[in-house]
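Quick note: numbers below take in every heavy atom, side chains included, and nothing from hydrogens, waters or symmetry partners.
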Amino acid sequence: RDSQLERERDRLTALMSYVRERGAMLTLEYGIRCGQHGYRFVYFDHLLNQWEPETVDDTLRPRKLPAGLSLALTIEGHPIVLDDKNLAVPKIQPTAPGSKVSGLGSDMPSTFTTQVADNTPQILLLSNGDVNSFSLMLSRDGIHRSVTVKSNADSSIQGDAIVEPK
């Protein structure tokens, strides 16, 4: 029995349920951005027309897995290479005061900001209840004990039992 692995599976499935309810209530599209050793939640900002890090709800703060655990992600049947750089919340870098941003030949002073990291989620948890096809495996490093959280054809999310190494 690996209570730490079970706890992380249960936390992840509970957070997914929570964010799906929150998204339905607020009509917000949510997603999860995964790294090899953690994950973070993002939402789609319709005003900016881009994915943004969730920073308002502390329940959806970035999560780091305990030492010795790692994630492996499959989307639509394809393995995804995970990098912990995906966990970095982008820093907004305003352009220097008085500097110019070239925008179609205009010389307007800049009030724009640029992002230095990607927020595009690999797992989509949409406000209408839809999810993309995914399988997220949490595994214990070294001994290959694992547990999987995955989406089903009916858009439900399921946390499976622990699989022991053979």
Side-chain angles (χ1 to χ4, degrees), residues 1-90 117-166:
R1 185 177 155 98
D2 192 325
S3 58
Q4 195 175 45
L5 206 51
E6 288 174 338
R7 188 168 49 249
E8 291 304 319
R9 173 203 59 204
D10 295 347
R11 174 179 295 138
L12 185 56
T13 54
L15 286 170
M16 285 182 175
S17 293
Y18 173 77
V19 82
R20 291 177 85 185
E21 284 178 31
R22 181 177 166 84
M25 205 168 52
L26 301 174
T27 324
L28 277 177
E29 313 308 330
Y30 275 99
I32 302 175
R33 190 139 175 88
C34 299
Q36 199 172 357
H37 299 100
Y39 52 93
R40 64 184 176 93
F41 290 88
V42 295
Y43 72 95
F44 192 78
D45 186 320
H46 290 283
L47 294 175
L48 297 173
N49 204 32
Q50 64 189 16
W51 291 95
E52 292 289 324
E54 172 58 71
T55 56
V56 175
D57 187 340
D58 189 55
T59 304
L60 302 178
R61 67 189 175 276
R63 304 286 176 155
K64 189 170 179 353
L65 294 179
L69 296 183
S70 59
L71 292 173
L73 178 63
T74 303
I75 299 287
E76 310 282 342
H78 301 285
I80 305 298
V81 176
L82 296 180
D83 187 329
D84 283 341
K85 288 184 196 141
N86 291 339
L87 304 178
V89 175
D118 189 3
N119 283 310
T120 309
Q122 298 113 332
I123 297 172
L124 297 172
L125 305 167
L126 304 179
S127 61
N128 65 1
D130 287 350
V131 297
N132 57 336
S133 173
F134 74 89
S135 173
L136 186 59
M137 184 172 69
L138 292 102
S139 59
R140 169 80 52 203
D141 299 341
I143 59 172
H144 306 295
R145 179 183 298 138
S146 65
V147 65
T148 301
V149 174
K150 64 185 178 190
S151 60
N152 296 315
D154 64 358
S155 290
S156 63
I157 293 174
Q158 153 188 348
D160 290 344
I162 288 182
V163 175
E164 295 291 340
K166 292 185 171 53

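The distance from atom CZ of Phe44 to atom OG1 of Thr120, rounded to the nearest 0.5 Å, is 9.5 Å. Between Leu125 atom CG and Ser155 atom OG the span is 10.0 Å, to the nearest 0.5 Å. Between the OH atom in Tyr39 and the CG atom in Leu15 there is a gap of 5.0 Å [rounded to 0.5 Å]. Going from atom CG of Leu71 over to atom CG of Asp84 covers 9.0 Å, rounded to the nearest 0.5 Å. For the atom pair Ile162 CD1 and Glu6 CD, the distance stands at 4.0 Å (nearest 0.5 Å). With values rounded to the nearest 0.5 angstrom, Leu136 atom CG is found 5.5 Å from Leu12 atom CG.
Minimum heavy-atom separation, Cys34 to Leu82: O-CD2, 3.6 Å. Across every non-hydrogen atom of Val89 and Pro62, the tightest pair is CG2-CG, 4.2 Å. In this structure, Pro121 and Val42 approach most closely via the heavy-atom pair CB-CG2, 3.7 Å. Across all non-hydrogen atoms, the minimal contact from Tyr30 to Arg22 is OH-NE, 2.7 Å. Of all non-hydrogen atoms in Asp130 and Asn128, the two that sit nearest each other are N-OD1, 2.9 Å.
For the side-chain hydrogen bond (donor to acceptor under 3.5 Å, both in side chains) condition, no pair includes a residue of residues 71-83, sequence neighbours left out.
A 4.5 Å side-chain heavy-atom check between Leu65 and Glu8 finds at least one atom pair inside the cut-off. Counting heavy atoms from C-beta outward, Leu5 and Leu69 have side chains that approach closer than 4.5 Å. A 4.5 Å side-chain heavy-atom check between Met16 and Val131 finds every atom pair outside the cut-off.
For the ring pair (Phe, Tyr, Trp, His ring centres under 6.0 Å) test, no residue two or more places apart in sequence or in another chain qualifies with Phe134.
For the pair Asp57 (side chain) and Thr59 (backbone), a donor-acceptor distance under 3.5 Å is present. Side chain of Glu29 to main chain of Ser127: a donor-acceptor pair is present (N/O by atom type, distance under 3.5 Å, no hydrogens or angles). Between the side chain of Ser135 and the backbone N or O of Lys150, no donor-acceptor pair lies under 3.5 Å. Side-chain atoms of Arg33 come within 3.5 Å of backbone atoms of Asp118 as a donor-acceptor pair (strictly under, hydrogens ignored). No donor-acceptor pair under 3.5 Å is formed between the side chain of Arg9 and the backbone N or O of Thr148. Side-chain N or O atoms of Glu54 include one that pairs as donor or acceptor with a backbone N or O of Val56 at under 3.5 Å. Between the side chain of Gln158 and the main chain of Asn152, no donor-acceptor pair closer than 3.5 Å is present.
Ion pairing of Arg61 with Asp58 is present here, as a side-chain N (NZ or NE/NH1/NH2) and a carboxylate O approach within less than 4.0 Å.
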Passes side chain to side chain contact (heavy atoms under 4.5 Å, CB included), Tyr18 versus Leu60? Steps please. CA-CA 9 Å; Tyr18 173 77; Leu60 302 178; 3.7 Å; yes
Mind running side chain to side chain donor-acceptor pair (under 3.5 Å) on Arg40 and Asn86 for me, showing each step along the way? CA-CA 9 Å; Arg40 64 184 176 93; Asn86 291 339; over 6 Å; no
